Amino acid sequence: MDYKFREIEDKWQAYWAENKSFKAEPENEKPKYFVLDMFPYPSGAGLHVGHPLGYIASDIVSRFKRQKGFNVLHPMGYDSFGLPAEQYAIQTGQHPAKTTDVNIARYREQLDKIGFSFDWSKEIRTSSSDYYKWTQWIFIQLFNSWYNLDSDKAENIEELISHFENFGTEGLNADCEGEVLFSAEQWKEFNEAKKEEVLLNYRLSYRSKSTVNWCSELGTVLANDEVKDGKSERGGYPVVQKEMMQWSMRISSFAQRLLDGLETIDWPEPLKESQRNWIGRSEGASVQFKVKEKDLKIEVFTTRPDTIFGVSFMVLAPENPLVDIISEETFKESINQYRTEASKKSERDRMADVKTVSGQFTGAFAIHPFSKKEIPIWIGDYVLASYGTGAVMSVPAHDSRDWAFAKHFDIPIPQVVEGGNINKEAHEAKEGILINSDFLNGLEVKMAISKAIEVIEKEEIGKGKINFRLRDAIFGRQRYWGEPIPVYYKDGVALTVKEEHLPIELPEVDAYKPTQDGEPPLARANAWKYNPENGQVGTEGYDLEWTTMPGWAGSSWYFLRYTDPNNSSDFADSKNLDYWGNVDLYIGGSEHATGHLLYSRFWNKFLKDRGFIKNDEPFQKLINQGMILGTSAIVHRIKGKNQFVSKSHINNCQTTAIHVDVSLVNASDELDIEAFKNWRDDLKDAEFVLEDGKFVCTREVEKMSKRWYNVVNPDDICEEYGADSLRMYEMFLGPLEQSKPWNTAGLSGVHGFLKKYWRLFNNGESIDISEEEPSKEELKSLHTLLKKVNEDISNFSFNTSISAFMICVNELQAASCSKRNILEPLTIALSPFAPHIAEETWSLLGHKQSISQADFPVADESLLVESSFAYPVAINGKMKLKVDLPLSLSKDEIQKEVMAMEKVIEYLAGKEPKRVIVVPSKIVNIVL
RNA sequence: GCCCUGGUGGUGGAAUUGGUAGACACGCAGGACUUAAAAUCCUGUGGCCUGUAAGGCCGUGCGGGUUCAAGUCCCGCCCGGGGCACCA
């Protein structure tokens, strides 16, 4: 009986679907376990073998946990709003919803072939209006919330309004932009528009000006990703930094809690670290500098208030609005020129370029708050408008960027902390004694910082402050294929759509690109007005918002929707939310470290504050899976000719490297020349210089991508080797977290293993299972495996458990073991990894129920106890020989035994060892 | 530039966290079965030296250090990968 994997896999996939084997509902008998994958964006290219890596890992854990007695929720869905579908729509005129549907169908088909234990009854799509109705609803909740710093929570905006009505801003401690003070009486006299304007400064979703990459030729905003050297990647048009009115989210209110929460969750340390860096908490002081001859102050934030006497100039970000006010007439022209130049550079370019120093004097001076000296004010692009106040007090002696600036423009560099050589470089170390600093002289830096803050506060020129790098998240996108923001404008005032009128569905438009005037695509819609009376969207009523939500909106709460995906009266029933709680295990790529994973935590904390959910953190444990890289094949063409040279001739000629489809190259890097000629029209008449009668390509490991023709499709692997082989191989490839190159040739290893396992069940002709009791050796093989697998799954070390399976099956095969009491536990242990073959052999063993219902076997450690150990004996740390000794021996006894050995005496050659180190059950080391 | 991460045979990787470097596979070489192939099974396989064997030397990116003992710890470099706020 052969291992007919195609038949077996079809059979069991149909069985699981028909019996809804993995449907999960709240119940009280078993503990719950929520296993989540980062849901995919359904791209037109379909899945390649890299995508399922994390899904296979989470599926193994899900199946394992079920067999360990947990009620497991393991859902899947699609993050189906996004830019690629929109780009495609712009090019082809095809509605993105259509392409998205096609892509999802393809994804589903591909996923089904791999045999995942997803509960498909829970599927969600972020682009379906049943779903985004609730994304819009959450937006409205955020709009109707403010951040109370006293309770350190987001609260209903009604409470803020009632505070205004009773006390005005008196006694209010709220997070707010550009605070305006007023009394209760004044509040009552404000008109609606004014009230809204005030409230907008408090709302958690709000409108404000922010800087974007604007490309006027494309009439759109671009991601940093889409901008290369100040030009758009598509078309190469100029891109400038431009201020725009945008919807934003006040994530900064949650900065400290997002930081603190990291201590309570089990995430990879590097990932936590990048969130910490992103949040960027720094302690210091804000200090105000008066501008000479103007009734104006410049506020700066500094982490080194101790160096305040070392300030010899100030620098403003070129975009800082103060620049217009303070600049002297004679400098205006050069300033505007400098600003134009700066606007062509992206923030990242500005940060990356530390070698070029540039700046421009404004002609204005500030007054030092202590020394009262005049300090020149410059603008410079190393100061970023988006961080701090967009202005710095420059201490060139103790900050390297200030130092470089001062050197370049010949500004004095007064030293205020002892040490270093400030003629050569800035002395940045946060240690040393203060000098030339009036009341700070003689203090250690640490002491000086607190003393400086104390005096700054006393003199009322500033105060101690904690600053965060985390900025509020821009929420509006000038795109079509996203959730409409449920906002309309009444007399210029932004109001949210009534909850009972949700969803506001995406309107039909004649094209998916921006309008001629550079307005977002939704401005094209004819019927894009809202009537708050009846909820109708059409040609009557108030204008609806034109921008849509960013990609991260839908993905910031989808895990909650999985608990109750078809609920139409609530985003999820609280019973379900409470039962499933937060995600126990989340698997996905580390590229989401600071985007999705931070925004989700933000929304989760917000929803908790407002009482909709109970958990503070959404994802308790998180694992990052690595990338599977493609092994590209490259041929080399002689420059100017249609002639290709084999690998060994490359160095002798000038060649161009060309990527060739990996399917045209075999495992020994040999090119199929005929297939290659037919691959593209221009290759029909190509000539080839061979070596040993073959044409050999070179290989390169890089990201799997259509562009490099190195994509391997899981469907092909399932067809040729089966889903179980694919699953096993992806896990066998290496540690889950690591990125590793794909090599289809290696699949024969795990495929051979599965065949070997299959043969344990039959004698070549028919099923042949022995009821005999297992031998000691067989039990030891089995239980060594069980111990390893139990440990490895808990540590997500799947590659090593697969080698344990191989070792076990090799041993059982050598012993020709076909005993039920060995094969049954072995089969259950294998079933999370290779579920199809396991179901089949389970039924061959006579079981009627799915193996997913079986209990995972536990290792009996008593079968594994050894009585002796083969001690390695090392001389001077180098292993020379081994000796088998009982484990019961004491240190001294071991030493005696070893020193008495003939070989050891030979090695010693009469010398007396200086030391003998005995580590029981580890090693013996003799030092000569 | 900044932050994070990795570097071990021809290849993917293993190494109980300081204690036998190279488990398990791929590939390669040789053999058995076969008319032949496929499939399967067996043997060998880090490098170098010694005719073989016994044995010896070298070996975890590079250079130092700590230790009886370093792939693992410390210091300084080199190279690859990921992220850096509108890709998802």
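Just so it is clear, the model here is predicted, and its values are computed rather than measured. Naming: A, B, ... by sequence-line order, numbering from 1 per chain.
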Please measure how far the [atom1] atom in [N] lies from the corresponding atom in [M], and state the result in whole Å.
| N | M | atom1 | value |
| --- | --- | --- | --- |
| C28(B) | C84(B) | P | 41 Å |
| U45(B) | A23(B) | P | 10 Å |
| A29(B) | G47(B) | P | 15 Å |
| U40(B) | C33(B) | C1' | 9 Å |
| C48(B) | C42(B) | C1' | 29 Å |
| G46(B) | G51(B) | C1' | 23 Å |
| G22(B) | A70(B) | P | 16 Å |

If you compare every side-chain N and O of [X] against the phosphate oxygens of [N] (OP1, OP2), does one of them come in below 4.0 Å?
| X | N | value |
| --- | --- | --- |
| Lys878(A) | C58(B) | yes |
| Asn810(A) | A25(B) | yes |
| Lys703(A) | G81(B) | no |
| Gln738(A) | G13(B) | yes |
| Asn925(A) | G19(B) | no |

Working to the nearest 0.5 Å, report the span between [atom1] of [X] and [atom2] of [Y].
| X | Y | atom1 | atom2 | value |
| --- | --- | --- | --- | --- |
| Tyr78(A) | Thr126(A) | OH | OG1 | 12.0 Å |
| Tyr237(A) | Ser216(A) | OH | OG | 10.5 Å |
| Glu319(A) | Lys242(A) | CD | NZ | 15.0 Å |

Of all the choices, [options], which nucleotide is nearest to the side chain of [X] once you look at every atom?
| X | options | answer |
| --- | --- | --- |
| Ile923(A) | A25(B), C86(B), U20(B) | U20(B) |
| Pro735(A) | C24(B), U40(B), G13(B) | G13(B) |
| Met627(A) | G13(B), G82(B), A85(B) | G82(B) |
| Trp278(A) | C84(B), C4(B), C86(B) | C84(B) |
| Ser748(A) | C26(B), C86(B), G12(B) | C26(B) |
| Lys880(A) | G13(B), C41(B), G56(B) | G56(B) |
| Arg479(A) | C86(B), C24(B), G19(B) | C86(B) |
| Val919(A) | G19(B), C58(B), A25(B) | G19(B) |
| Thr594(A) | C86(B), A85(B), G83(B) | G83(B) |
| Arg759(A) | C86(B), C41(B), G82(B) | C41(B) |

For atom [atom1] of [X] and atom [atom2] of [N], their distance in whole Å:
| X | N | atom1 | atom2 | value |
| --- | --- | --- | --- | --- |
| Trp247(A) | C86(B) | CH2 | P | 18 Å |
| Tyr721(A) | A25(B) | OH | P | 17 Å |
| His596(A) | C86(B) | NE2 | C1' | 17 Å |
| Glu86(A) | A88(B) | CD | C1' | 14 Å |
| His592(A) | C4(B) | NE2 | C1' | 16 Å |
| Gln275(A) | A85(B) | CD | C1' | 13 Å |
| Leu785(A) | C24(B) | CG | C1' | 13 Å |
| Ile917(A) | G18(B) | CD1 | C1' | 13 Å |

Does [X] reach a base, just sugar-phosphate, or nothing at all? Heavy atoms under 4.0 Å.
| X | answer |
| --- | --- |
| Pro550(A) | nothing |
| Thr800(A) | sugar-phosphate |
| Ile807(A) | sugar-phosphate |

Using purine N1 to pyrimidine N3 plus N6-O4 or O6-N4 for Watson-Crick, or N1-O2 and O6-N3 for G-U wobble, both under 3.5 Å, which nucleotide pairs with [N]?
| N | value |
| --- | --- |
| A37(B) | none |
| A29(B) | U43(B) |
| G80(B) | U5(B) |
| U67(B) | none |

Check: Taking the inter-plane angle between the rings of His592(A) and His596(A) on a 0 to 90° scale, is it parallel (under 30°), tilted (30 to 60°) or perpendicular (over 60°)?
Finding: perpendicular
Next item on the list: Classify the ring geometry between Phe761(A) and Tyr757(A) as parallel (under 30°), tilted (30 to 60°) or perpendicular (over 60°).
Entry: perpendicular
Note to self: Let me spell it out: for each of Arg915(A) and Gly476(A), pick the nucleotide of RNA chain B with the closest heavy atom. Which residue's pick is nearer the 5' end?
What the structure shows: Arg915(A)
Notebook entry, point to check: Nearest nucleotide by nearest heavy atom, which residue falls closer to the 5' end of RNA chain B, Ile926(A) or Ser274(A)?
Noted result: Ser274(A)
Note to self: With syn defined as a glycosidic angle within 90° of 0 and anti as the rest, where does U17(B) land?
What the structure shows: syn
Notebook entry, point to check: Using the glycosidic torsion, which applies to G9(B): syn (within 90° of 0) or anti (everything else)?
Noted result: syn
